[in-house]
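Protein chains get the first letters and strands the later ones, always in sequence-line order, with residue 1 at the start of each. In what follows, every heavy atom counts, from backbone to side chain, and hydrogens, waters and symmetry copies are set aside.
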Amino acid sequence: MKDKIEQLVDYIMKHCLWQFHSRAWDRERQNREILTWTNKILCGDIEKPADRLDRCHWVDAMVLADSYRESFPWIKGLAKPEIETLMKGVRERMDFLTITGSKNLELTDQNY
Amino acid sequence: MPHHEFDCSTCIPERKKHAVVKGPGETIADALPAGYLSTIPGSISERGCAYCGAKHVIGTPMKDVLHISHGPVGCTYDTWQTKRYISDNDNFQLKYTFATDMKEKHVIFGAEKLLKQNILEAFKAFPDIKRMTLYQTCASALIGDDINAIADEVMEELPDVDIFVCNSPGFRGPSQSGGHHTICIAWFKDKVGTVEPKITSDYVINYVGEYNIQGDQEVMQDYFKRMGIQVLSTFTGNGSYDDLRSMHRAHLNVLECARSSEYLCNELRVKYGIPRLDIDGFGFAPLSDSLRKIGLFFGIEDRAEEIIAAETARWKPELDWYKERLTGKKVCLWPGGSKLWHWAHAIHEEMGVEVVSVYTKFGHQGDMEKGIARAEEGALAIDDPNELESLEAMYKLKPDCIFTGKRPGEFAKKVRVPYLNAHAYHNGPWKGYEGWVRFARDIYNAIYSPIHRLALVDISKDELPSESGFQTRRMLSDVNLSDEIKNASELRQYTGKFDVTPDLRNKTALDYPYLRQDKLEQLV
Amino acid sequence: MACNLSERTRAGIINPIFTCQPAGAQFASIGIKDCIGLVHGGQGCVMFVRLIFSQHFKESFELASSSVHEEGAVFGALKRVEEGVDVLLMRYPHVRVIPIISTCSTEIIGDDIDGVVVKLNEGLLKEKYADREVYLVPIHSPSFVGSMISGYDSAVRDIVKYFATKSDPNGKINLFTGWVNPGDVTALKHLLSEMDIEANLLFEIEEFDSPLMPDGQHVSHGETTVEDLRDTGNAFASIALNRYEGGKAAQYLEDELGIPATIGPTPIGIRNTDAFLQTLKKITGKPIPQALVKERGIAIDALTDLTHMFLAEKKVAIYGNPDLVIGLAQFCIDLEMKPMLLLLGDDNPNYARDPRILKLKEKVDWDMDIITNSDLFEMEDRIKNKGLDLDLILGHSKGRFTAIDYKIPMVRVGFPTYDRAGMYRHPVVGYAGAIWLAEQMANALFTDMEYKGEREWSLNVW
């Protein structure tokens with residue numbers, strides 16, 4: 001599982017930009033929203049984004065989920081609870097790398 | 001990920017925290033270079049000032065504006081004609097620059113009267129232009145001229161003109177980045193929301209952090225038009241002043257250079273609820289993903305897919321021709337800010353080159369997070385490099401090519417490392433599918449330059465490298481390629497034109513009609 | 001029909017001809033060997049000047065900044081000069097000279113660079129660098145005074161003033177070249193060598209056209225040494241080729257050390273080169289050799305091929321460094337051309353008293369305007385709105401869009417010329433410079449004739 005999480009995290013790090021928004025609160029929101037959406041999409045849950053801000057998270061998640069299925073075919077063989085565990089791990093790792101473990105001193109700046 | 005200490009900088013130990021080598025299995029949480037700190041005096045850093053960050057980098061690409069600097073003439077002169085941000089209105093912003101020409105008597109007695117005269121004269125000299133950006137400099141900041149008050153006074157007297165004031169003197173912050181910040185926030189506060197735009201599509205975006213270097217903006221805008229999307233404004237390359245005042249009416253902010261303008265997108269998100277979508281215009285896969293996301297956002301992903309398929313079919317065989325010949329070549333990715341992360345992974349993945357070092361002149365730690373995350377193991381990451389460190393890195397890493405600015409490119413030349421201009425490009429545009437092939441072509445031409453090979457020869461000692469009277473690039477690039485690749489009929493060299501912008505400018509309309517339906521409301 | 005001298009009437013500058021004083025001081029600084037100037041101000045004052053040097057010479061030159069940030073601008077930033085000097089000396093062991101160059105910001109906040117030099121001499125240099133010979137030269141170059149021209153002039157004077165020491169006569173002349181190119185230095189050295197005259201040439205910038213060597217170790221810099229600078233005090237005469245670029249230094253040596261100075265004329269064209277050689281002859285007593293008579297003959301021969309057939313009556317606008325502009329105007333007149341507009345980009349009050357300008361005012365028999373404190377918009381405005389009809393523009397690259405947009409042929413001359421290859425390699429001075437200039441002008445006109453299809457057939461039988 002840990003290895004699988006690392007693969008998925010590495011994919012985000014190499015291909016995505018949404019995880020590196022400016023401030024800690026932005027990053028928390030981005031990781032939470034986009035990875036929650038990704039989880040839902042991978043699990044086959046069909047839901048509609050609530051508003052345009054949500055829709056923006058959803059599109060990042062849609063493209064990520066597609067890429068995951070293409071780059072990591074094993075993901076298609078996972079059951080829903082397994083996906084949920086996996087994505088929870090991804091979220092935790094992402095939160096660590098980009099927020100709690102981040103050495104970026106500007107994350108806590110109160111202004112943009 | 002240990003910090004890297006340069007031999008030349010042991011005497012300034014605070015530099016150690018500015019460089020890091022990405023070790024095996026290590027992440028950005030293990031170590032990250034310090035960033036956006038005060039420059040060490042006398043270190044011969046490459047950084048510029050906050051005035052240039054505001055006026056030269058971000059303000060001036062706006063195309064239908066009189067750009068005037070309040071101060072002595074040097075700031076204006078020095079930041080004029082050193083960039084390649086073009087526009088479709090005959091490059092007005094490249095051709096004309098204005099300085100209030102502050103002299104000693106103004107320093108003593110104040111220069112507000114002089115400023116007002118200047119503004120009136122400038123509008124008189126260019127009666128068709130009714131918009132102005134006005135920049136503070138070190139001198140006008142220190143003597144305390146109230147530039148905003150003068151601008152307001154003029155706007156009252158001349159109701160058809162509009163003036164934007166940016167108070168970003170050269171000393172504000174450690175680098176040009178301070179100016180990026182100041183101008184973004186000032187534009188947001190003072191100008192956004194002051195014009196109501198003409199909407200021409202159901203799908204409306206702002207394209208932010210894009211400066212139309214050699215036509216990048218026009219390449220990307222073409223894709224958006226082909227998807228039926230209205231680019232309400234571009235901040236700021238090829239951008240129009242009044243369009244940028246109406247940014248608040250877009251459905252989506254598409255952000256390219258987050259370094260210079262993420263502030264603006266963040267503020268627009270908070271105040272107007274416009275989402276910020278970070279994209280990459282560089283690289284086939286990142287660009288395709290970017291177009292896909294924008295398409296998905298509006299529910300027109302089929303239009304995106306059509307473009308992706310057509311462009312990939314047209315240009316991928318040419319990209320791959322270069323990839324076969326660039327694979328394994330070592331490059332230093334030494335730009336100003338955002339390109340270190342825009343390019344780090346994409347050039348490795350799609351051109352096969354090894355990025356052995358990334359640096360940023362004026363980036364912040366966020367840029368280094370992105371850059372290091374996208375770089376491969378072993379890459380040396382340097383914040384605010386100075387001249388001796390760059391030289392030491394080049395001697396040590398022995399890159400085949402470096403991507404950096406014009407002046408550092410000149411000392412790289414002496415070390416016999418060919419350079420490509422990372423800020424202004426060699427023969428761009430480099431964005432878009434065709435642009436990415438142009439980039440690969442330019443790298444190929446740099447690395448396999450026969451003259452570069454001759455530069456490595458010492459005729460007093462060495463044997464002559466070749467018996468023939470010349471070398472073609474392919475004699476150099478194909479030497480270790482298999483016959484299969486060498487003769488592959490599906491691969492080909494770049495076949496585009498010398499100048500790609502005229503064709504783009506001939507196309508004006510969106511490819512789909514405006515149905516006046518609030519499509520986005522229906523989707524969410 | 002007359003030559004008029006006037007000043008720009010608008011308050012502001014649209015498209016400047018010159019940058020500000022610190023750039024001139026930096027240009028002087030890079031001419032010295034083992035020297036890195038430290039510019040006290042914001043970083044842009046250095047970064048962009050280095051960029052423009054590299055645009056012009058296609059080389060990188062070393063210049064440092066004290067990197068004044070906000071707190072320095074508020075509370076004074078002399079600490080950053082101290083730190084900057086220390087960092088430079090620690091990391092560049094060969095450095096002997098550090099000019100400390102002020103800017104608008106640090107002059108306004110009143111940073112005392114003279115005082116900090118005294119402090120550093122007494123403190124840091126004695127304590128930490130006692131075994132090293134280091135010279136800190138304060139140079140005041142506030143950007144709100146003069147222009148890059150006066151910045152250069154003052155910096156050369158300040159440097160000479162700092163170093164010039166009288167000991168044993170060296171049998172040389174001092175030759176202050178002004179703001180020139182490597183190609184000019186080569187041409188000047190050639191004339192001196194033909195005259196068998198030894199000169200201390202300031203500055204030795206021939207090596208600005210520097211090689212790409214197989215060892216990959218080359219750094220571009222000037223070759224004038226501390227010893228050369230000191231030795232300026234031992235010359236028996238000085239010549240400053242340019243009144244406004246080096247004239248102050250020559251005058252200083254005359255006033256303070258009794259070394260007689262000849263200032264000008266700028267040896268552009270045949271007549272001015274003749275004058276230069278006459279000056280050399282007069283100062284040294286050495287004859288002008290046959291080789292130079294022949295060289296002059298080759299130049300006259302080349303000019304004769306061009307002047308009355310092609311160049312006569314051609315209306316030309318000239319802008320840039322004042323001595324260059326005046327020299328070019330004089331040469332153009334000898335070539336039967338008509339300089340219509342001369343633009344000088346700063347407010348130096350001495351222009352009105354310049355004997356060369358007075359002569360133009362007295363003798364020119366067509367409408368000619370000399371505008372001081374001018375900008376490039378002055379030229380464009382006259383072309384666009386005031387019926388100025390030009391056949392040719394002579395000037396640096398910053399005016400390129402006027403030439404392009406109004407389809408006027410242009411010969412790039414002066415600083416900076418970044419939009420044509422290798423211009424720094426060619427001289428505008430001496431007989432060689434006269435040939436180069438005239439042929440450049442003729443070829444620009446020829447290309448234009450062919451491009452526009454105007455009498456292009458006439459070149460068939462030339």
Is the gap between the ring centers of C/Phe377 and B/Phe126 under 6.0 Å?
yes

So which part of B/His56 gets closer than 4.5 Å to some heavy atom of chain C, the side chain, the backbone, both or neither?
side chain

Check: C/Gln55 side chain, B/Thr82 main-chain N or O, donor-acceptor pair, under 3.5 Å:
no

Distance check, rounded to the nearest 0.5 Å: C/Arg80 atom CZ versus B/Ser38 atom OG?
5.5 Å

Interchain contact, C/Glu380 with chain B, by part (heavy-atom threshold 4.5 Å):
side chain

I need the minimum non-hydrogen distance between B/Ile44 and C/Ala64, along with the two atoms involved.
CG1-CB, 3.8 Å

Among B/Cys11, B/Cys138, B/Gly170, B/Gly409, which has the most heavy-atom pairs under 4.5 Å with chain C?
B/Cys11

Taking all non-hydrogen atoms of both residues into account, name the closest pair between C/Ile17 and B/Tyr77 and its distance.
O-CE1, 3.5 Å

So if I apply the side-chain hydrogen bond (donor to acceptor under 3.5 Å, both in side chains) rule between C/Ser60 and each of B/Arg407, B/Lys413, B/Glu410, which one comes out positive?
B/Arg407

Identify which part of C/Ser143 has an atom lying under 4.5 Å from any heavy atom of chain B, answering side chain, backbone, both or neither.
both

Side chain from CB out, backbone as N, CA, C, O: work out which of these in C/Leu38 comes under 4.5 Å of a heavy atom of chain B, or both, or neither.
side chain

Within residues 94-102 of chain B, which positions have a heavy-atom distance to chain C below 4.5 Å?
B/Leu94, B/Lys95, B/Tyr96, B/Thr97, B/Phe98, B/Ala99, B/Thr100, B/Asp101, B/Met102

Could you look at B/Asn91 and say if it's the side chain, the backbone, both or neither that has a heavy atom under 4.5 Å from chain C?
neither

Rounded distance [0.5 Å steps], CG in B/Asp90 versus CZ in C/Phe401:
8.5 Å

Taken to the nearest 0.5 Å, the spacing of B/Ile40 CD1 from C/Ser67 OG works out to 9.5 Å

Heavy-atom pairs under 4.5 Å with chain C - which of B/Arg172, B/Gln117, B/Lys406, B/Met394 has more of them than the others?
B/Lys406

If I measure from the heavy atoms of chain B, does C/Ala23 come under 4.5 Å with its side chain, its backbone, both, or neither?
neither

Please check this pair: side chain of C/Arg91 against backbone of B/Leu388, looking for a donor-acceptor N/O pair closer than 3.5 Å.
no

Side chain / backbone / both / neither for B/Ala125 at chain C, heavy atoms under 4.5 Å:
both

Checking B/Gln81 side chain against C/Lys398 main chain: does a donor-acceptor pair fall under 3.5 Å?
yes

Whatever's closer than 4.5 Å to a heavy atom in chain B on C/Tyr418 counts as side chain

Does the B/Lys103 side chain pair with the main chain of C/Asp347, one donor and one acceptor, at a distance under 3.5 Å?
no

Would you mind checking which part of C/Asn373 comes under 4.5 Å of any heavy atom in chain B, side chain (CB onward), backbone (N, CA, C, O), both or neither?
side chain

Can you say whether C/Pro416 sits under 4.5 Å from chain B via the side chain, the backbone, both, or neither, judging by heavy atoms?
both

From CG (B/Leu142) to SG (C/Cys104), nearest 0.5 Å
8.0 Å

C/Pro16 to B/Val73 - nearest heavy-atom pair and separation
CB-CG2, 3.4 Å

Side-chain (C/Gln217) to main-chain (B/Val415) donor-acceptor, under 3.5 angstrom
no

Can you tell which part of C/Ile14 gets under 4.5 Å to a heavy atom of chain B, answering side chain, backbone, both or neither?
both

Portion of B/Glu121 that has a non-hydrogen atom of chain C nearer than 4.5 angstrom
side chain

To the nearest 0.5 Å, how far apart are CZ in C/Phe48 and SG in B/Cys49?
6.5 Å

Is there a donor-acceptor pair under 3.5 Å between the side chain of C/Gln43 and the backbone N or O of B/Phe171?
no

Going through the checks in order, is the side chain to side chain contact (heavy atoms under 4.5 Å, CB included) test met by B/Asp78 and C/Val49?
CA-CA 7 Å; B/Asp78 291 352; C/Val49 171; 4.0 Å; yes

Counting only heavy atoms not in B/Phe109, do more than 12 sit closer than 6.0 Å to its CZ atom?
no

Report the residues that fulfil ring pair (Phe, Tyr, Trp, His ring centres under 6.0 Å) with C/His69, sequence neighbours left out, ordered by chain and then residue number.
none

To check you understand the geometry: which heavy-atom pair defines the closest contact between C/Leu212 and B/Ala455, and what is its length?
CD2-CB, 3.8 Å

Return the CG to CG distance between B/Asp458 and C/Asp215, rounded to the nearest 0.5 Å.
8.0 Å

Does any backbone or side-chain atom of C/Ile404 lie under 4.5 Å from a heavy atom of chain B? Answer side chain, backbone, both or neither.
neither

For B/Ser9, which atoms come within 4.5 Å of any heavy atom of chain C: side chain, backbone, both, or neither?
both

Per-residue contact mode, C/Leu51 against chain B (heavy atom under 4.5 angstrom):
both

Spell out, as yes or no, whether a donor-acceptor pair under 3.5 Å connects the side chain of B/Lys414 to the backbone of C/Ser210.
yes

